Structures are given as structure tokens and as C-alpha cells.
Amino acid sequence: MLLCTAAPPVLAQDANVANDIRRLEALIRAQQTQIDEQQAEIEALRKIVSADELVTYRGMGYPGGNRFSGIQNTPPPPPAPGQDVPMPDAPVGERQAVEADTRIQAAAVPQEQGVLTPRGRLVFDPSLEYNQSATDRLVFRGFELIPGIQVGLIEASKARRDSFVSTLGARYGLTSRLEFEVRVPFVHRYDRIEVAQQRDEGIVRSISLEGNDIGDVEFGARYQLNGQKGMNPIFIAGLRVKSDTGRGPFSIGYDEFGVATGLSTGSGFWGIQPSINMLLPSDPVVIFGSAGYLAHLPRNVDRNVGGAAVGRVDPGDAISGSLGFGFALNPRFSYSMGYRHSYIFATSTEIGGTVEQSRPLQVGSLTFGMSYRLNPKSALNVAFEIGVTQDAPDIGITVRAPWTF
């Protein structure tokens with residue numbers, strides 16, 4: 001009788017099943033590793049599109065990986081078939097594109113109308129401003145007998161006024177919607193006035209005045225009223241307080257005829273200005289606008305100027321507004337164009353017991369700005385203003401170099 005020594009069929013099948021189980025376990029571990037890597041990449045994307053990150057680069061554009069920055073991120077590998085991967089609560093790509101687009105296009109928008117400083121960030125914002133204005137006036141004091149024959153005094157005056165203002169400014173984002181700002185200006189003014197009088201003989205007088213001193217220190221706060229949703233407008237409320245730290249027009253010297261012997265570097269009065277600003281994304285531009293009211297606080301001067309007693313002075317308040325747009329040509333360079341106008345009410349001055357009023361002023365100017373992002377933390381901004389009304393300065397040029405810490 002012969003005995004069979006081969007393994008029973010059942011034991012062979014058990015060995016095959018064990019091998020299959022080990023292979024499946026190895027495949028599951030590899031897939032779990034891939035899931036962990038994809039989850040880490042998703043968390044990184046979630047941080048990129050967070051509100052705090054998107055507002056980090058004020059006036060410089062967002063340098064993250066998207067079509068606005070010129071840096072392309074490598075997309076994560078697709079999940080395995082049938083594999084469930086946790087996803088963010090909000091649409092990542094769409095939100096990033098809209099907010100980054102708004103920020104880059106708003107880079108050249110005037111500083112007081114741009115986006116807010118990120119929470120916990122400090123922006124050092126030095127600037128240098130130049131303004132130039134010129135007036136030519138011909139005055140005839142007398143009467144005209146017949147056309148071409150005048151009896152009296154002919155006076156012609158020509159004035160050239162130049163001012164340089166270097167400002168040390170700083171902004172701090174207390175929250176993602178609230179920022180505070182302080183600005184300390186230093187003013188240098190130089191005026192040249194020539195007066196020609198024609199009597200029996202011509203008389204020409206030349207006057208040169210110069211002034212250097214601190215200007216009116218300003219404090220401000222801005223609060224974003226609503227969040228950005230797609231192409232809906234963003235509204236930002238602002239409040240600015242202007243001090244009287246500068247040398248005012250009643251703090252300078254005057255001669256016996258009431259002619260100033262120096263130049264003021266400030267208004268000499270406290271002021272407060274509430275405002276509302278708007279940013280409207282409209283691909284491929286951002287439309288901006290503002291409206292504000294500047295109220296000056298009157299005070300008693302109580303000074304004798306040229307033999308006349310000056311009492312209570314109430315500077316004219318001002319209503320201002322602006323409208324324009326910003327456009328980004330590429331992730332580093334953007335520009336803006338707009339118009340700004342202010343209506344300044346008459347100033348009331350008590351002189352010798354009589355209240356005199358000046359005429360209202362219309363100050364309108366065309367604005368043009370450019371911004372170039374030097375690196376993720378700094379930019380160079382240049383703005384131009386061209387006066388289009390009689391009371392406006394002829395030209396204004398401002399250079400800013402904000403730096404984010």
C-alpha cells in the first residue's frame with residue numbers, strides 16, 4: 001500500500017490568500033502615503049488663499065503662484081480611482097484669482113484710496129512731494145479818458161511758488177479690516193514775487209521769501225465696511241485728523257504794511273475729515289472713487305497785522321471727490337488715471353471788528369500714477385497732478401517707496 005506525501009489542496013490555497021493579503025496591505029500603505037502628501041498640498045493651498053495672506057502686499061501685487069505673478073505652481077497628482085480626498089470649504093482657485101487681480105490693479109491707486117494694510121503688518125511709507133504754481137496779474141487803478149489813454153496806476157505782478165514736502169509715514173494693520181496711520185511732513189517753501197508799477201517812471205520790486213519747518217502732523221484710521229465678493233464694490237470708511245503743528249499764516253512775521261516777511265508751513269488750524277472710498281473690480285481694471293468733507297476748527301488769533309487787529313478766524317471747510325481707474329499691465333507694473341476736485345468755502349476773518357470773507361475756491365486736477373513692484377516687500381510709486389482750474393497748483397509730483405515689515 002502506497003502513502004501520498006503531497007500537501008493537501010486546502011493548505012496551498014491558504015498560502016496564496018496570505019500572499020494576496022500582504023500585497024493588498026502594501027498597496028494600501030502606498031495609497032495612504034499618497035493621500036497624506038495630497039492633504040499637505042491642499043492645506044498649503046488653503047493658506048495661500050486665506051484673507052490674511054492675500055492682503056500682505058499692499059500696493060505691490062501678490063507674488064504667489066498664479067497667472068498674475070508669473071510664477072507657476074506644479075499641480076498635485078490626481079488621486080487614485082475611487083479614493084476620497086478632503087477638500088477645502090471654499091473654491092480655492094477662483095477666490096485667489098479675483099483678490100490677487102484686485103490688489104495688483106489697485107497698486108497705483110492713490111494711497112488714501114487703496115486697499116488696507118494686512119493684520120499685524122507695519123508699512124513704512126516715506127514720500128517726497130513737489131508742487132509748483134505761477135500767477136501773472138495785471139491791475140489798472142485809475143480811469144480811462146478815451147480808449148487807449150489811461151490815467152492812473154498800472155501794476156503787474158508775477159509770482160512763482162515752489163514747495164517741497166518730505167513726509168515720514170507709517171501704517172499698521174490692527175485687524176484684517178482696520179488700519180491706523182500717522183504722517184509727519186517737513187515743508188520747504190520758496191516764493192519769488194516781482195511787482196512792476198508804472199507811474200511817471202517804472203518801478204520794479206522783487207521779493208523772495210523762504211520757509212522751512214515741520215508741517216501739520218496727520219493721524220488717520222480706515223475701516224473696510226464689507227468683504228470682497230466677486231466683482232462687487234468694496235467700501236472703506238476713513239477718518240483723518242490734521243493738527244496745527246506747522247507754522248501757520250498768523251505765526252509768521254509781518255512788516256508795518258502788513259506784508260508777510262516769511263512763509264507758513266501749515267494751516268494753523270485743527271481739522272477733521274471723514275471720507276468714504278470705493279474700489280470696484282471690473283476685469284481688467286479696478287475703478288476707484290472717494291468723497292470727503294474737511295472741517296476746520298475756528299479760533300481767535302488776537303494779533304495785530306499791519307495796524308489791523310485780527311480776531312476770530314474761521315477757515316473755509318472743503319468738499320472733495322475723486323474718480324478714476326487702475327490697470328495692471330503685468331504682475332509688477334500698474335498705472336492709474338483719474339480726476340480730483342475740491343470746493344473750498346469762503347474764509348471768515350474778523351478784522352477791526354468787521355467780518356471779512358474771502359472768495360470760494362475751486363481746485364481741480366487730473367491725476368496719473370504709476371507703480372512698480374521691486375520685490376515682495378517694497379514698491380516704487382510715482383504720482384502726477386496737473387491743475388485744470390485757476391486756483392489749483394500747476395503741477396504736483398509725488399514719489400513714494402512703501403516698505404512692508
Side-chain angles (χ1 to χ4, degrees), residues 129 131-135 137 139 141 153 155 157-167 182-195 197 205-219 240-273 293-320 342-363 390-393:
E129 180 180 354
N131 288 282
Q132 194 272 336
S133 62
T135 57
R137 185 175 61 177
V139 178
R141 296 186 176 93
L153 173 64
E155 180 179 296
S157 63
K158 178 185 295 184
R160 298 290 183 270
R161 296 180 171 89
D162 297 276
S163 66
F164 296 87
V165 182
S166 57
T167 303
V182 60
R183 298 179 65 82
V184 182
F186 297 88
V187 181
H188 170 75
R189 292 184 56 190
Y190 181 62
D191 288 9
R192 301 173 304 279
I193 304 173
E194 293 183 359
V195 180
Q197 296 177 341
R205 290 194 309 161
S206 296
I207 303 173
S208 295
L209 300 176
E210 189 171 358
N212 300 277
D213 208 338
I214 189 174
D216 292 339
V217 177
E218 298 180 4
F219 305 91
R240 183 173 66 97
V241 177
K242 183 185 68 63
S243 69
D244 62 349
T245 54
R247 187 168 53 186
F250 296 102
S251 300
I252 59 178
Y254 291 88
D255 61 17
E256 57 182 341
F257 302 103
V259 179
T261 58
L263 295 176
S264 62
T265 60
S267 66
F269 298 85
W270 281 81
I272 182 170
Q273 182 182 32
Y293 186 90
L294 174 60
H296 285 103
L297 304 182
R299 69 182 180 91
N300 291 321
V301 175
D302 294 333
R303 182 181 177 184
N304 190 290
V305 178
V310 179
R312 188 174 185 271
V313 178
D314 186 3
D317 297 344
I319 300 175
S320 61
S342 297
Y343 178 81
I344 304 176
F345 295 93
T347 295
S348 299
T349 306
E350 183 182 357
I351 303 177
T354 304
V355 177
E356 302 287 343
Q357 284 195 338
S358 66
R359 66 179 182 88
L361 303 178
Q362 298 277 359
V363 181
Q390 182 179 1
D391 302 317

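As the structure is a prediction and not an experimental result, all values here were calculated from the model.
A donor-acceptor contact closer than 3.5 angstrom is absent between the side chains of Thr265 and Asn212.
For the pair Arg161 and Tyr190, the NZ or CZ position fails the cation-pi test of under 6.0 Å to the six-membered ring centre and within 45 degrees of the ring normal.
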side-chain contact (heavy atoms from CB on, under 4.5 Å) between Phe269 and Val313: does it pass, once the steps are laid out? CA-CA 9 Å; Phe269 298 85; Val313 178; 3.7 Å; yes

Passes side-chain contact (heavy atoms from CB on, under 4.5 Å), Tyr254 versus Arg303? Steps please. CA-CA 11 Å; Tyr254 291 88; Arg303 182 181 177 184; 3.9 Å; yes

Please report the C-alpha distance between Thr261 and Ile252 in whole Å, then the side-chain angles of each, then the deciding distance to 0.1 Å, and finally whether the side-chain contact (heavy atoms from CB on, under 4.5 Å) criterion is met. CA-CA 7 Å; Thr261 58; Ile252 59 178; 5.9 Å; no

Derivation and outcome, salt bridge (Lys or Arg N to Asp or Glu O under 4.0 Å), residues Asp162 and Arg160: CA-CA 7 Å; Asp162 297 276; Arg160 298 290 183 270; over 6 Å; no

Taking it one step at a time, do Glu218 and Lys242 satisfy salt bridge (Lys or Arg N to Asp or Glu O under 4.0 Å)? CA-CA 5 Å; Glu218 298 180 4; Lys242 183 185 68 63; over 6 Å; no

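The shortest heavy-atom contact between Ser264 and Pro249 is CB-N, 3.7 Å. Here the closest heavy-atom approach between residue Val363 and residue Pro393 is recorded as CG1-CD, 4.5 Å. In this structure, Ser267 and Asp216 approach most closely via the heavy-atom pair N-OD2, 2.9 Å. Minimum interatomic distance between Ala318 and Ile344 (heavy atoms only, all atoms of both residues): CB-CG1, 4.0 Å. Here the shortest heavy-atom pairing between Val355 and Ser348 reads CG1-CB, 4.2 Å. Scanning both residues, Ile351 and Glu356, for their nearest heavy atoms gives CD1-CG, 4.2 Å.
Between Val184 and Ile214, some side-chain heavy-atom pair lies under the 4.5 Å cut-off. Side chains of Ser320 and Gln273 form a contact here, defined as non-hydrogen atoms less than 4.5 Å apart. With contacts defined as side-chain heavy-atom distances shorter than 4.5 Å, the pair Glu350/Asp302 does not qualify. A heavy-atom distance below 4.5 Å is not found between the side chains of Asn304 and Val310. Within the 4.5 Å cutoff, the side chain of Tyr343 has heavy atoms near those of the Gln362 side chain.
No donor-acceptor pair under 3.5 Å is formed between the side chain of Arg189 and the backbone N or O of Phe164. Looking at Thr347, its side chain never comes within 3.5 Å of a backbone N or O of Gln357 through a donor-acceptor pair. Using modelled atom types, no side-chain atom of Arg247 and backbone atom of Gly211 make a donor-acceptor pair closer than 3.5 Å. No donor-acceptor pair under 3.5 Å is formed between the side chain of His296 and the backbone N or O of Asp317.
In this structure, CD1 on Ile319 lies 10.5 Å from CG on Leu294, to the nearest 0.5 angstrom. Distance CZ/Phe345 to CZ/Arg359: 15.0 Å, rounded to 0.5 Å. For the atom pair OG of Ser133 and CG of Asp191, the computed distance is 7.5 Å after rounding to the nearest 0.5 Å.
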